[in-house]
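Working notes, beginning with the structure itself.
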Amino acid sequence: MEKMIKILKAQLFLCEKLLELNEKYRKDLLDRTTGHSRDIIAQQEECMGKIMALESRKQAELKQAAVATLEEFLVQKSNKADDSLRNLNERLRMTADRLKRWNHHNHELLQKNMAFIDFSINVLTNTMTDSTYAKQGNTSPNAVVSQKKMFDQMI
């Protein structure tokens, strides 16, 4: 039981650290400063590696107790430490949910930044596009509306 508590505490600590790193990464994305992004990503990868190692240890403990989930482990080992283990498990779940939300938001920001970069490159390279109000793909030479330069295109 004590091993499981130590594992969950370590996982919770690392997940909270990941949350902090995600917040820093989001700030970098919003400020469009990428100077620290590599360092942040490296720290995130390090945290994830440690979390995965702890998860392997947790699974080994569950296997040793002959149960498949932590909930089954709690049912099997019901005592005073049970409450602290349940609380740790719940806090870990809540932190993981917050991490998922942060990752989703950061992914959306990255997609928007990439779309902006693509647009900027297209403008700089004089890429041609269909007219805003014309039928898509109408590029025949006799077409009423012809292609425009990307800079003239409303996006």
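Positions are given from 1, in the same order as the sequence printed here.
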Quiz item: Passes salt bridge (charged side-chain N to carboxylate O under 4.0 Å, His left out), K58 versus E55? Steps please.
Solution: CA-CA 5 Å; K58 182 171 89 174; E55 185 63 27; 3.4 Å; yes
Run the side chain to side chain contact (heavy atoms under 4.5 Å, CB included) check on Q11 and T95 step by step: do they pass? CA-CA 10 Å; Q11 280 184 323; T95 305; over 6 Å; no
* Evaluate side chain to side chain contact (heavy atoms under 4.5 Å, CB included) for M4 paired with L70, printing each intermediate quantity in order. => CA-CA 9 Å; M4 190 63 76; L70 190 57; 3.9 Å; yes
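In terms of hydrophobic clustering, with Ile, Leu, Val, Met, Phe, Trp and Tyr side chains grouped at heavy-atom distances under 4.5 Å, I5 and F73 are assigned to a common cluster. Cluster membership for F116 and L110, using ILVMFWY side-chain heavy atoms within less than 4.5 angstrom, is not shared. Cluster annotation: M94 is not connected to L8 through the hydrophobic network of ILVMFWY side chains, with a link wherever side-chain heavy atoms come within less than 4.5 Å. The hydrophobic clustering, which links ILVMFWY residues whose side-chain heavy atoms are closer than 4.5 Å, places L30 and I41 together.
For the atom pair OG of S84 and CD of E2, the computed distance is 7.5 Å after rounding to the nearest 0.5 Å. Annotation: the span from L18 atom CG to K50 atom NZ amounts to 10.5 Å, rounded to 0.5 Å. The distance from atom CG of N106 to atom NE2 of H104, rounded to the nearest 0.5 Å, is 10.5 Å. I40 CD1 to E23 CD: the interatomic distance, rounded to the nearest 0.5 Å, is 11.0 Å. Rounding to the nearest 0.5 angstrom, the gap separating the CD atom in E46 from the CG atom in L14 is 9.0 Å. Of the inter-residue distances, the one linking Y25 atom OH with D39 atom CG reads 12.5 Å to the nearest 0.5 angstrom.
Contact check for E108 versus Q111: no side-chain heavy atoms found under the 4.5 Å cut-off. Looking at heavy atoms from C-beta onward, L62 lies out of side-chain contact with E72 at the 4.5 angstrom threshold.
Heavy atoms from other residues, nucleotides or ligands lying under 6.0 Å from CZ of R91 number 12 at most.
Under a 4.0 Å N-O distance rule, the pair K17/E20 does not qualify as a salt bridge.
Sorted by first and then second residue, the salt bridge (Lys or Arg N to Asp or Glu O under 4.0 Å) pairs with a member in residues 97-107 form an empty list; sequence neighbours excluded.
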